[in-house]
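Everything below concerns the one structure shown next.
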Number of protein chains: 2
Amino acid sequence: MLHDPAQLDLMFQALADPARRQMVDRLSRGPASVSQLAEPLAMSLSAVVQHLNVLEASGLVRTEKLGRVRTCRIEPQALRAAEHWINERRLAWERRLDRLGDFLAETKDET
Amino acid sequence: MLHDPAQLDLMFQALADPARRQMVDRLSRGPASVSQLAEPLAMSLSAVVQHLNVLEASGLVRTEKLGRVRTCRIEPQALRAAEHWINERRLAWERRLDRLGDFLAETKDET
DNA sequence: ACAATAGTGAAGTAGTTACTTCAGTATCGA
DNA sequence: TCGATACTGAAGTAACTACTTCACTATTGT
């Protein structure tokens, strides 16, 4: 579920926008209402709600409405999934370099 | 340099596209030429070159031309920067949850 | 020298994205 | 109950993105 390619797609797409990353950054410091999220951003509330919907669809953020206030919070598992994708690729590359290094060291021994 | 917000922007934007992630995935298994990168993708060579340019501008991929072959390889430091951004936010959130848990445990003791 | 290979670059286009404004609906607080 | 608050939703638009095709250049193998 976490590694569903379609979900991964939505997550990276969501993180591609600076305003949305700013929102995630804000939420990493604790839950916030829509207006609180909007406050530091130079755009209309409507625009913020649209960004929020993208974040929610991607699974990176979960929201909950109580009365007239929608409270938003980060979904750390989703962040972990994106992190994991990058990490796997980087590690694959680095392991490859290590093997290459070992190989070169060995062939040097054989001189 | 690694944490330059503009560079981070380019990186996440680059990772947002599935074709580009597929290219990064391929490159994580070792260097490849443009045609090798293009081979599994259902699009023209020109389109692949355009994606490659995005990846290169983002710093995620470095390329080097020898003769008529452009060889592409992953830049693990750039991947690490993206990874790091996500990790920091997730950890901030999780530390917050821990502190909250401690607080709740303490106030429970005080009954 | 010549054909095949490997990639480059420009122009065009359909679809998407990131906004805007404006008009609306709940909910809350005095 | 009535005004202020906190969103919500639709419609429009300008800019951007992910392609395409086609014409082109440089390099390589025979």
Side-chain angles (χ1 to χ4, degrees), chain A residues 5-27 30-74 78 82, chain B residues 5-27 30-75 82:
Chain A
Q7 198 68 13
L8 212 52
D9 222 82
L10 292 173
M11 282 191 284
F12 278 114
Q13 195 139 191
L15 289 173
D17 188 275
R20 283 192 298 259
R21 278 208 310 287
Q22 207 178 322
M23 291 167 73
V24 168
D25 186 48
R26 166 63 188 80
L27 290 175
S33 70
V34 175
S35 331
Q36 284 174 330
L37 278 181
E39 194 260 325
L41 299 169
M43 66 180 70
S44 70
L45 232 205
S46 258
V48 172
V49 169
Q50 287 170 54
H51 280 307
L52 188 54
N53 291 339
V54 173
L55 285 169
E56 200 169 10
S58 79
L60 286 166
V61 165
R62 186 167 42 89
T63 75
E64 184 185 14
K65 194 157 187 172
L66 261 172
R68 59 183 167 172
V69 179
R70 176 145 74 135
T71 302
C72 313
R73 61 192 78 239
I74 259 184
Chain B
Q7 198 68 11
L8 213 51
D9 221 81
L10 292 173
M11 282 191 284
F12 278 114
Q13 194 139 188
L15 289 173
D17 188 274
R20 284 193 297 261
R21 278 207 310 287
Q22 207 178 322
M23 291 166 74
V24 168
D25 187 47
R26 166 63 187 79
L27 290 175
S33 70
V34 176
S35 330
Q36 284 174 329
L37 278 182
E39 194 259 324
L41 298 170
M43 66 180 70
S44 71
L45 231 205
S46 258
V48 172
V49 170
Q50 287 170 54
H51 280 308
L52 188 53
N53 292 338
V54 173
L55 285 169
E56 200 169 10
S58 79
L60 286 166
V61 165
R62 186 168 43 87
T63 74
E64 183 185 13
K65 196 159 186 173
L66 261 170
R68 61 184 164 173
V69 177
R70 176 144 74 135
T71 302
C72 314
R73 62 193 79 240
I74 259 184
E75 202 59 81

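Chain letters run A, B, ... following the sequence lines, proteins first and then strands; every chain starts at 1.
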- Query: If only side-chain N and O atoms of B:Arg70 are considered, is one of them under 4.0 Å from the OP1 or OP2 phosphate oxygen of C:dT8?
  - Reply: yes
- Query: For the side chain of A:Glu64 and the backbone of A:Arg70, is there at least one donor-acceptor N/O pair under 3.5 Å apart?
  - Reply: no
- Query: How close or far is atom C1' of C:dC19 from atom NE2 of A:His51, stated in whole angstroms?
  - Reply: 7 Å
- Task: May I have the distance from B:Gln13 (atom CD) to C:dA18 (atom C1'), rounded to whole angstrom?
- Result: 12 Å
- Task: Please report the closest heavy-atom contact between B:Arg73 and B:Pro31, naming both atoms and the distance.
- Result: NH1-CG, 3.4 Å
- What is the distance from atom OG1 of A:Thr63 to atom CG of A:Leu27, rounded to the nearest 0.5 Å? 10.5 Å
- Check the distance between C:dA18's P and A:Gln22's CD and give it to me in whole angstrom. 15 Å
- Side chains of A:Leu60 and A:Arg20: does their closest heavy-atom pair fall under 4.5 Å? no
- Message: Given 3.5 Å as the limit, does a donor-acceptor pair link the side chain of A:Gln13 with the main chain of B:Asp17, or not?
- Response: no
- Message: I want to check something: taking the side chain as every heavy atom from C-beta on, are B:Leu55 and B:Val24 in contact at a cut-off of under 4.5 Å?
- Response: yes
- Rounded interatomic separation in angstrom, taking CG from B:Leu52 and P from C:dG9: 12 Å
- Item | Gap between atoms CG and P, on A:Leu45 and C:dC22 respectively (whole Å) | 15 Å
- Query: Rounded to whole angstrom units, what separation is found between the NZ atom of B:Lys65 and the C1' atom of C:dG9?
  - Reply: 12 Å
- Query: Atom CG in B:Leu41, atom CD in B:Gln22: separation rounded to 0.5 Å?
  - Reply: 5.0 Å
- Message: Would A:Thr71 and A:Leu66 count as a side-chain contact (heavy atoms from CB on, under 4.5 Å) here? Give the steps.
- Response: CA-CA 8 Å; A:Thr71 302; A:Leu66 261 172; 5.7 Å; no
- Task: Enumerate the residues from residues 33-44 of chain A whose closest heavy atom to DNA chain C is under 4.0 Å, giving them by residue number; use none for an empty result.
- Result: A:Met43, A:Ser44
- Query: What integer distance in Å separates B:Asp17:CG from C:dG15:C1'?
  - Reply: 14 Å
- Within the structure, does a side-chain N or O atom of A:Arg20 lie under 4.0 Å from either OP1 or OP2 of C:dA18? yes
- Query: Going by an N to O cut-off under 4.0 Å, is there a salt bridge joining B:Arg26 and B:Glu39?
  - Reply: no
- Go through DNA chain D in 5' to 3' direction and return only the first and the last nucleotide with some atom under 4.0 Å of chain A's heavy atoms. D:dA4 to D:dA10
- Message: Taking the nucleotide of DNA chain D with the nearest heavy atom to each, does A:Arg68 or A:Val49 sit closer to the 5' end?
- Response: A:Arg68
- Query: Which of these nucleotides, C:dA6, C:dT8, C:dG9, is closest to any side-chain atom of B:Ser46?
  - Reply: C:dG9
